[in-house]
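Structure, as structure tokens:
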Amino acid sequence: MKENKIYFVDVTNRDGVQTSRLGLAKLQKTIINLMLDDMGITQSEFGFPTTKHEINYLNGNLELVERGVIATTKLSGWMRAIASDVELSFKNVPELKNVNLSQSTSEQMINGKYLGKKTPQDILNMTIDAVRCAVSHGAEIIGVNAEDASRSDIDFLIKYAQEAKKAGAQRFRYCDTLGYEDPKTSYDRIYKIAKATGMSIELHYHNDLGMAVGCSVMGAKAAIDAGVDAYINTAINGMGERAGNADLVSCLLAIMKSAGFKNDYEIDPNIDLSKAWKLAKYTSYAFGVPIPINQPAVGDNAFAHESGIHADGALKDRRNYELYDFEELGRGEPEIIETGRMITTGEYGGIKGFRNVYENLELEFKDEHEARNILELARYANVHTQKPLTSSELRFIYYYPDIAAKIMTVSPYYEPQGAIKERVEAHHLTKPHRII
């Protein structure tokens, strides 16, 4: 067994929510953080500390950490590697401890995004300043992200990582932003970077060419072979921009079960694979995206056999046609909405039906005030998610009503200035205008 380990940084709540036309409510993001913690996942990149509508959610989740509710999974914030962004992040979220600072590093991105206004040296200087700023605010884990690393000059990447390390960063995130790489080039480039820098490597791969999982595990292999820890970035059910990110469960199984990894490479020992099924099903429900029928491990057909020869062989000995057991994943349909005589609670739910729902969860109220307060939060949560509430969501509201209220409350960023201030003060906005 190799000495270094492979850890997991799930980015569903940061990159996964950037899936076009989709998103998650803050309550849903919180439940995912709780489920990731229950599964023992190393880290959750839980959002954007510079974004106004994230502030209450981020601070609320860090309160869950303070109370010991989230005890295993570290929560990290993403921001641009710009000192002013770091300053704003710690102003908005003072208890933030773990950060990932991102800058574009490829010639294409530097020229295409900055339009010739920045040089590679400027990129280095901005990143170093941002890292030093994070250090000054007491950040415990600082990762530097190289956006479009797979199309970046490798010598520049090594210099970028080395300079960030000198400034106080502990990890280097290699971002295959366009899903451009293949497993062989991933291994070769990551090995070289890890050897030259001695830094732990994060592997962040997109699935545009269908190779995100393969590249992630081979990148992790390269990091371990080079003598450093590996941190695979994943998203639950492979959610993410365009064709998505590397799927969490697929990456876990590839390392735990495949011929080249099993018994040779060790994952974070806190991870409990038996929680994978519930996590995958909840995330599918929250996003409103069905799990593909042929999805590894959690798809409906992952353990289904129809061919005569396959069915016969599987019945004689499941290991004939099944590489791993469905029990290992905790498979079994988790309750999302009650069936049969169904009484749900929603934004217009009454107190009697509401009490019935909580009685089925074996949760009691000490007095009428408690019941009606929780009812109002449940109504708010239904408006917030626009979905029937799951048992996990209802329990969270019951046990942590103050944090539930905080994360579901967004203070709109509305401070009229300039022309809009003049319009508002002159009451021009009250005149009838054709909108439809």
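Keep in mind it's a predicted model, so treat the numbers as computed, not measured. Throughout, residue positions are numbered sequentially from 1 according to the sequence presented.
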Please determine if [X] and [Y] form a salt bridge, counting it only when a charged side-chain N lies under 4.0 Å from a carboxylate O.
X	Y	value
E140	K74	no
E181	R151	no
E368	R372	yes
K221	D225	yes
K5	D229	no
E87	K91	no

Check: [Y] and [X] side chains under 4.5 Å, non-hydrogen atoms:
X	Y	value
E54	F46	no
N61	V65	no
E45	D15	no
D247	Q295	yes
V144	K165	no
I403	V69	no
I255	F8	yes
P183	M211	yes

Just by distance, no angles: are the side chains of [X] and [Y] close enough, under 3.5 Å, to form a donor-acceptor pair?
X	Y	answer
S106	D148	yes
S186	Y205	yes
N237	T283	no
Y282	E393	yes
T185	D182	yes

Say whether, by atom type as modelled, one donor and one acceptor occur between the side chain of [X] and the main chain of [Y] under 3.5 angstrom.
X	Y	answer
T385	K387	yes
D85	M79	no
H384	L27	yes
E95	V93	no
S150	D176	no
N13	G47	no
S284	A280	no
Y160	N145	yes
T105	E147	yes

message = I'd like to know whether CZ of R171 has more than 12 heavy-atom contacts from other residues, nucleotides or ligands below 6.0 angstrom.
response = yes
query = For atom CD of E364, is the number of surrounding heavy atoms from other residues, nucleotides or ligands below 6.0 Å larger than 12?
reply = no
Search all heavy atoms of [X] against all heavy atoms of [Y] and return the closest pair with its distance.
X	Y	result
S104	I123	O-CG2, 3.5 Å
F90	A139	CZ-CB, 4.1 Å
M35	S392	CE-OG, 3.7 Å
L361	R395	CD2-NH2, 3.7 Å
C175	A146	CB-O, 3.2 Å

inquiry  = Going by ring-ring contact (aromatic ring centres under 6.0 Å, His included), name the residues that satisfy it together with Y265, two or more places apart in sequence or in a different chain.
reply    = F261
request  = Apply salt bridge (charged side-chain N to carboxylate O under 4.0 Å, His left out) to E327 and R331, showing your working.
outcome  = CA-CA 6 Å; E327 293 94 342; R331 279 196 70 150; over 6 Å; no
Spacing of [atom1] belonging to [X] relative to [atom2] belonging to [Y], to within rounding of 0.5 Å:
X	Y	atom1	atom2	answer
C215	Y180	SG	OH	11.5 Å
T73	D10	OG1	CG	9.0 Å
K26	I31	NZ	CD1	14.5 Å
I232	L203	CD1	CG	6.0 Å
L252	T234	CG	OG1	7.0 Å
M218	I190	CE	CD1	11.5 Å

request  = Could you walk me through whether S76 and N98 pass the side chain to side chain donor-acceptor pair (under 3.5 Å) test, one step at a time?
outcome  = CA-CA 5 Å; S76 58; N98 312 304; over 6 Å; no
inquiry  = Pair H204, N245 - check side-chain contact (heavy atoms from CB on, under 4.5 Å), show working.
reply    = CA-CA 8 Å; H204 185 95; N245 293 273; 3.7 Å; yes
message = Show, in sequence, the C-alpha distance, side-chain angles and deciding distance for E328 and K257, and conclude whether the salt bridge (charged side-chain N to carboxylate O under 4.0 Å, His left out) test is met.
response = CA-CA 12 Å; E328 295 180 70; K257 304 293 183 180; 2.6 Å; yes
inquiry  = Run the side-chain contact (heavy atoms from CB on, under 4.5 Å) test on H206 and E241 for me, step by step, so that the C-alpha distance in whole Å, both residues' side-chain angles and the decisive distance to 0.1 Å come before the verdict.
reply    = CA-CA 8 Å; H206 283 259; E241 298 160 316; 3.5 Å; yes
request  = Sort and list the pairs that fulfil ring pair (Phe, Tyr, Trp, His ring centres under 6.0 Å) and have at least one residue in residues 11-36, not counting sequence neighbours.
outcome  = none
request  = Would you sort out whether Y174 and R189 count as a side chain to side chain donor-acceptor pair (under 3.5 Å), showing the intermediate values?
outcome  = CA-CA 10 Å; Y174 185 95; R189 286 168 66 85; 2.6 Å; yes
request  = Any chance you could lay out the side chain to side chain donor-acceptor pair (under 3.5 Å) test for Y57 and N33, step after step, and finish with the verdict?
outcome  = CA-CA 11 Å; Y57 151 74; N33 285 328; 3.1 Å; yes
key: Intermediate values then yes/no, side-chain contact (heavy atoms from CB on, under 4.5 Å), I6 and D268   = CA-CA 6 Å; I6 299 173; D268 182 344; over 6 Å; no
query = Can L24 and I32 be said to form a side-chain contact (heavy atoms from CB on, under 4.5 Å), step by step?
reply = CA-CA 10 Å; L24 294 173; I32 285 174; 3.6 Å; yes
message = Working note: F365 + Y358, criterion ring pair (Phe, Tyr, Trp, His ring centres under 6.0 Å); need CA distance, chi angles, decisive distance, verdict.
response = CA-CA 9 Å; F365 301 107; Y358 270 92; 5.3 Å; yes
inquiry  = As a quick check of understanding, evaluate salt bridge (charged side-chain N to carboxylate O under 4.0 Å, His left out) for D188 and K184, giving each step before the final call.
reply    = CA-CA 6 Å; D188 293 344; K184 175 66 167 61; 2.6 Å; yes
